[in-house]
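I have placed the structure first, in the form of structure tokens, so that the comments after it can refer back to it.
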Amino acid sequence: MLTILLQATPEGANLYSNFLFIGLIILVFYFFMVRPQQKKAKDQKKFREELKRGMNVVTVGGLHGRLLSVDDDTVWIEVDKGLKLKFDKVAIAVEATSRVNANTTTETT
């Protein structure tokens, strides 16, 4: 019986380690899940604010075109000669548009 009592831990130490473990999990969750998502949303917002006439863009549906005009919430895209389509700004894919513009600049140089 004495051996069992010597192996037991105090209740306060166990409770403290549980809170420390939960806090560590929350911290890891924040740095690996929440923070990168907030940074990506901020970068997308900045990109959409910097859209300007004449840029080649790609929509989230994969439609390629050139920006004709940029309004507050919408953009007009020329897909083919004389074919103009109206899209919401949020329909412009940031990653695909960046790739298209990067390929265009390397081809012209």
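Within the model, atoms CE of Met55 and CD1 of Ile77 stand 10.5 Å from one another, a figure rounded to the nearest 0.5 Å. One finds the CZ atom of Arg35 at 9.0 Å from the NZ atom of Lys39 (value rounded to the nearest 0.5 Å). In this structure, NZ in Lys86 is found 13.0 Å from CG in Leu68, a value given to the nearest 0.5 Å. To the nearest 0.5 angstrom, Leu27 atom CG is 9.5 Å from Phe32 atom CZ. Annotation: the span from Lys89 atom NZ to Phe47 atom CZ amounts to 10.5 Å, rounded to 0.5 Å.
Contact between Asn56 and Thr97 at its shortest, heavy atoms only, is O-CG2, 3.4 Å. Closest approach of Ile92 and Val60 over heavy atoms only: C-CG1, 4.5 Å. Of all heavy-atom pairs between Gly82 and Glu78, the closest is N-OE2, 3.5 Å.
With a 4.5 Å cut-off on side-chain heavy atoms, Thr59 and Leu85 do not count as touching. The side-chain heavy atoms of Arg48 and Gln44, taken from C-beta on, include a pair separated by under 4.5 Å. A heavy-atom distance below 4.5 Å is found between the side chains of Gln38 and Tyr30.
Formation of a donor-acceptor pair under 3.5 Å by the Arg66 side chain with backbone atoms of Gly54 is found in this model.
Residues Leu67 and Val79 fall within the same hydrophobic cluster, defined by Ile, Leu, Val, Met, Phe, Trp and Tyr side chains chained together at heavy-atom separations under 4.5 Å. When hydrophobic clusters are built by joining Ile, Leu, Val, Met, Phe, Trp and Tyr residues whose side-chain heavy atoms come closer than 4.5 Å, directly or via intermediates, Phe29 is grouped together with Phe31. Follow the hydrophobic side-chain contacts under 4.5 Å out from Ile26 and you never reach Leu24; the two are in separate clusters. Criterion: ILVMFWY side-chain heavy atoms under 4.5 Å apart, direct or through other members. Under it, Leu83 and Val75 are part of a common hydrophobic cluster.
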*Take Val57 and Phe87 through the test side chain to side chain contact (heavy atoms under 4.5 Å, CB included) and record every step on the way to the result.*
CA-CA 11 Å; Val57 294; Phe87 285 93; over 6 Å; no
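In this structure, Asp71 places its CG atom where more than 12 heavy-atom neighbours from other residues, nucleotides or ligands lie under 6.0 Å away.
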